[in-house]
**Student:** 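Would you mind keeping the following structure in view while I ask a few things?
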Amino acid sequence: MGYTEYYLTHKFKEETGLSVTDYIKFAKIERAKVLLKSTDQTVQDIATALSFSTRNYFSRIFQEVTGQTPMEYREK
């Protein structure tokens, strides 16, 4: 594309208000919410499918973003 990584990441943050990393994190959590409500996949399977390194890390990020654990969200 002819642009540096520095330029693109700063332009992305300027346009969206989020870093690329935060955007990806929020997008993964939104997908996890859909999977938790619409499938019987385990939390481990969802964490793996969304490329989180561990179930605990996924649960921590999920709770950080939503204020609930994945299981609390599913049961709600």
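In this chain, residues are counted from 1 in sequence order. Atoms considered below: every heavy atom in the structure, side chains included; atoms not considered: hydrogens, waters and symmetry mates.
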**Student:** Taking only residues two or more places apart in sequence, or in another chain, which ones meet Thr48 in a side chain to side chain donor-acceptor pair (under 3.5 Å)?
**Tutor:** Gln44
**Student:** Report the residues that fulfil salt bridge (Lys or Arg N to Asp or Glu O under 4.0 Å) with Lys11, sequence neighbours left out, ordered by chain and then residue number.
**Tutor:** Glu14, Glu15
**Student:** Scan residues 49-59 for pairs that pass side chain to side chain donor-acceptor pair (under 3.5 Å), counting only residues two or more places apart or in two chains.
**Tutor:** none
**Student:** Run the salt bridge (Lys or Arg N to Asp or Glu O under 4.0 Å) test against Glu5 and tell me which residues pass, sequence neighbours left out.
**Tutor:** none
**Student:** Taking ring pair (Phe, Tyr, Trp, His ring centres under 6.0 Å) as the test, write out the residues that go with Phe26, two or more places apart.
**Tutor:** none
**Student:** Tell me every residue that passes side-chain contact (heavy atoms from CB on, under 4.5 Å) with Asp45, counting only those two or more places apart in sequence or in another chain.
**Tutor:** Gln41, Thr42
**Student:** Please check: side-chain N/O of Lys13 versus main-chain N/O of Ser19, any donor-acceptor pairing under 3.5 Å?
**Tutor:** no
**Student:** So how far is it from Thr69 OG1 to Leu36 CG, rounded to the nearest 0.5 Å?
**Tutor:** 9.5 Å
**Student:** Would you please name every residue forming a side chain to side chain donor-acceptor pair (under 3.5 Å) with Lys25, sequence neighbours left out?
**Tutor:** Glu64
**Student:** Can you name the residues that form a salt bridge (Lys or Arg N to Asp or Glu O under 4.0 Å) with Glu30, not counting sequence neighbours?
**Tutor:** Lys33
**Student:** If Ile, Leu, Val, Met, Phe, Trp and Tyr residues are connected whenever their side-chain heavy atoms lie under 4.5 Å apart, and connections chain through other members, are Leu35 and Met71 in the same group?
**Tutor:** yes
**Student:** Output the distance between atom CD1 (Ile24) and atom CG (Leu50), rounded to the nearest 0.5 Å.
**Tutor:** 12.5 Å
**Student:** Please find the pair of heavy atoms, one from Phe12 and one from Leu18, that lie closest to each other, and give the distance.
**Tutor:** CD2-O, 3.4 Å
**Student:** For Phe58, enumerate each residue passing the ring pair (Phe, Tyr, Trp, His ring centres under 6.0 Å) test, keeping only those at least two apart in sequence or located in another chain.
**Tutor:** Phe52, Phe62
**Student:** Sort and list the pairs that fulfil salt bridge (Lys or Arg N to Asp or Glu O under 4.0 Å) and have at least one residue in residues 65-76, not counting sequence neighbours.
**Tutor:** none
